[in-house]
Enquirer: 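Mind having a look at this structure? Questions to follow.
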Amino acid sequence: MLEARWRWRWAFAAALLSLVVVWRAESAIGVNWGSVSFHKLKPSAVVDLLKDNKISKVKLFDADPDSLRALMGSGIQVMVGIPNQMLAALSSSTDASDLWVRQNVSRYMVKNGADIRYIAVGNEPFLTSYSGQFQSYVMPTLLNLQQSLAKVNLASYVKLVVPCNADAYESSLPSQGAFRPELTQIMTQLVSFLNSNGSPFVVNIYPFLSLYGSSDFPQDYAFFEGTSHPVTDGSNVYSNAFDGNFDTLVAALSKLGYGEMPIIIGEVGWPTDGAINANLTAARVFNQGLINHVLSNRGTPLRPGAPPVDVYIFSLHDEGAKSTLPGNFERHWGIFSFDGQAKYPLNLGLGGRGLKNARDVEYLPSRWCVAKPSGDLSDVVNHMKLACSVADCTTLTYGGSCNGIGAKGNISYAFNSYYQLQMQNERSCDFDGLGMVTFLDPSVGECRFLVGVTDTSSRSRSRSRSSTSSSSSSCHQLYRRWIIVGMLISWGVWVFVM
């Protein structure tokens, strides 16, 4: 009864908000909180980090129970995510979606609970590289979830959205923007659904990837400091890639009859390592320029005075276990390092002058594993391959912050990364007698030799990790669990999940 009473209050609050919300209100800055890391801060420490930096909006990529429990009572608005791999199960029946909503939304929306505002249905499910494998599940999942939210009186408060990659639309000039031809039908259905339910369109925009992927892309056009290569589109002149990309989406929505639809930037940011142009200076200039630009409320040529509703910086901290298939920079998007320490000065425009570091981080002892100075390193290649197949060595690659520390430095970095990942287990620094433990920090300039943190999840992973496959995120187990649940429900089997 208590939970039902609070759900009615959520619904009543939403009804009041619907009377006063104006989409042209000032933008808010939030962050993406990812969890694909070898060394994880405790969720409670992450929430404290958010609160200390006055960050009031956070976007998750799943519905991790530990994260949601930590967010309860924080006052932080939350967007929870549903991974693409779960869409098939949730599209199969409302029984599957009812179960998901009960387990991942309504159970947390109680008195002093989590303030869940959005559910992100999939993550860039229309991405070109997916070849349409998730496309047919999106609309059935949205319809099922909308019914499920209505059953628990949350449909007017919790909004369903679908984060899209900017490759969903295309054009040579912003005013000519249009969705990819093969997406026209489903995008028409999607924006109609969003409009009917008062939901915004969520898009991920990455000027860094445009620069990374094309040698002809003007570097200064990726930033907000002015450019010698502006794009002229009729009477409109674009001085940065963000505005050009945003207005291309505006034009694409206009072609479908929804030119005034509110837009949220689900992901935008700049990496600090792992590639040329991925460094601390560039990341600071881009992110500060972005924040200043958005909070100025200037808007864009096609939406003057109407910036995005919300902008979620990607990302809160580095995720050292992410796939490097897109590039080695994938593990280095954070404005904070893995241990919650600010990488560079940044004013989020949220009342503070700069970033505040995470408090009371519990580190392993200050010791490192390095190559023995007198050791014969001629046969070290296989040891390095082993270390780097499990740990993160992406800073050693061309353009990385540790690329210039020499051959022996590279070996030491690989050894130490593995050693810290194994929670400084003495045997993990052996490498057939080629490694040794030192108490002198071997970091050189911007090349930081890390020391791990002592959270419980890292210890448990360390004990069980014997190959690369065991470093996969625990959310994969959830994917399989929900897919199985969905299959059983679709076969008419009642399943009860605690």
Side-chain angles (χ1 to χ4, degrees), residues 31-40 59-62 64 67 81-87 120 122-134 163-167 204-206 208-213 266-278 283 312-334 336-338 384-403 413-414 417-418 420-421 450 457-458 461-462 464-480 483:
V31 294
N32 285 268
W33 174 8
S35 59
V36 190
S37 302
F38 292 133
H39 304 273
K40 289 185 182 179
K59 177 170 168 281
L60 308 177
F61 291 91
D62 53 21
D64 175 60
S67 300
I82 298 176
N84 292 329
Q85 290 85 343
M86 292 177 63
L87 297 182
N123 186 40
E124 301 182 341
F126 308 123
L127 198 65
T128 306
S129 59
Y130 290 151
S131 302
Q133 69 180 103
F134 303 114
C164 294
N165 188 279
D167 82 341
N204 302 336
I205 296 178
Y206 283 106
F208 170 80
L209 296 181
S210 299
L211 179 61
Y212 177 79
E267 298 176 26
V268 61
W270 199 279
T272 59
D273 215 328
I276 296 295
N277 297 314
Y312 291 85
I313 301 293
F314 190 85
S315 62
L316 179 62
H317 53 65
D318 287 349
E319 297 177 79
K322 287 187 69 177
S323 168
T324 57
L325 188 61
N328 289 321
F329 54 82
E330 272 299 302
R331 296 178 175 179
H332 305 281
W333 288 95
F336 292 92
S337 53
F338 77 96
M384 280 195 69
K385 285 183 178 178
L386 169 65
C388 293
S389 69
V390 178
D392 177 28
C393 298
T394 53
T395 60
L396 298 176
T397 55
Y398 181 65
S401 61
C402 297
N403 180 245
Y413 187 92
S417 296
Y418 183 82
Q420 302 297 336
L421 192 59
L450 63 84
S457 58
S458 290
R461 285 197 306 276
S462 174
S464 64
R465 184 183 291 105
S466 59
S467 66
T468 306
S469 62
S470 65
S471 68
S472 299
S473 171
S474 61
C475 67
H476 293 166
Q477 296 178 10
L478 291 175
Y479 299 164
R480 292 193 292 270
I483 289 171

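All values reported here derive from a predicted model rather than from experimental measurement. Residues: numbered from 1 along the sequence shown.
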Enquirer: For residues His39 and Gln420, report the shortest heavy-atom separation together with the two atoms involved.
Expert: CE1-O, 3.5 Å

Enquirer: If you apply the rule side-chain contact (heavy atoms from CB on, under 4.5 Å), what do you find for Leu316 with Phe336, and how did you get there?
Expert: CA-CA 6 Å; Leu316 179 62; Phe336 292 92; 3.8 Å; yes

Enquirer: Could you pull out the closest heavy-atom pair between Tyr312 and Lys59, with the gap in Å?
Expert: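 Shortest heavy-atom separation between Tyr312 and Lys59 comes out as CD2-CB, 3.7 Å.
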
Enquirer: What residues, two or more places apart in sequence or in another chain, satisfy side-chain hydrogen bond (donor to acceptor under 3.5 Å, both in side chains) together with Ser210?
Expert: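 Listed in chain order: nothing, the list is empty.
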
Enquirer: Minimum heavy-atom separation for Gly320 to Phe38, with atom names?
Expert: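 Looking at all heavy atoms of both residues, the closest pair is O-CE1, 3.2 Å.
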
Enquirer: Test of understanding: with side-chain hydrogen bond (donor to acceptor under 3.5 Å, both in side chains), list the residues that count as partners of Thr128, not counting sequence neighbours.
Expert: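 Expected list: Asp167, Arg180.
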
Enquirer: Run the salt bridge (charged side-chain N to carboxylate O under 4.0 Å, His left out) test against Glu124 and tell me which residues pass, sequence neighbours left out.
Expert: none

Enquirer: Is Asn84 reaching over with its side chain to a backbone N or O of Asn123, donor-acceptor style, under 3.5 angstrom?
Expert: yes

Enquirer: Among Thr394, Thr395, Thr272, whose side chain to side chain donor-acceptor pair (under 3.5 Å) with His332 holds?
Expert: Thr394

Enquirer: Under 3.5 Å, side chain of Asn32 to main-chain N/O of Ser315, donor-acceptor pair present?
Expert: no

Enquirer: Mind checking disulfide bond (SG atoms under 2.5 Å apart) for Cys402 and listing every partner two or more places apart, or none if nothing turns up?
Expert: Cys447

Enquirer: Could you list the residues that satisfy ring pair (Phe, Tyr, Trp, His ring centres under 6.0 Å) with Phe208, not counting sequence neighbours?
Expert: Tyr212, Trp270, Phe329, Trp333

Enquirer: Restricting to salt bridge (charged side-chain N to carboxylate O under 4.0 Å, His left out), what partner residues turn up for Asp273, sequence neighbours left out?
Expert: none

Enquirer: Rounded to the nearest 0.5 Å, how far apart are CG of Asp392 and CZ of Phe338?
Expert: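 Atom-to-atom, Asp392:CG and Phe338:CZ are 10.5 Å apart.
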
Enquirer: Shortest non-hydrogen contact from Asn403 to Leu396?
Expert: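 That closest heavy-atom pairing would be ND2-O, 3.1 Å.
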
Enquirer: Check Ser37 against His317 and note the closest heavy-atom contact, atom names and distance.
Expert: OG-CE1, 4.2 Å

Enquirer: Indicate yes or no for a side-chain donor-acceptor contact from Glu319 to the backbone of Ser35 under 3.5 Å, with no hydrogens or angles considered.
Expert: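 Checking the backbone N and O of Ser35 against the side chain of Glu319, a donor-acceptor pair under 3.5 Å is found.
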
Enquirer: Indicate the atoms forming the closest heavy-atom contact of Ala387 with Ala414, along with that distance.
Expert: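 Closest pair (atom of Ala387, atom of Ala414, distance): CB-O, 3.5 Å.
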
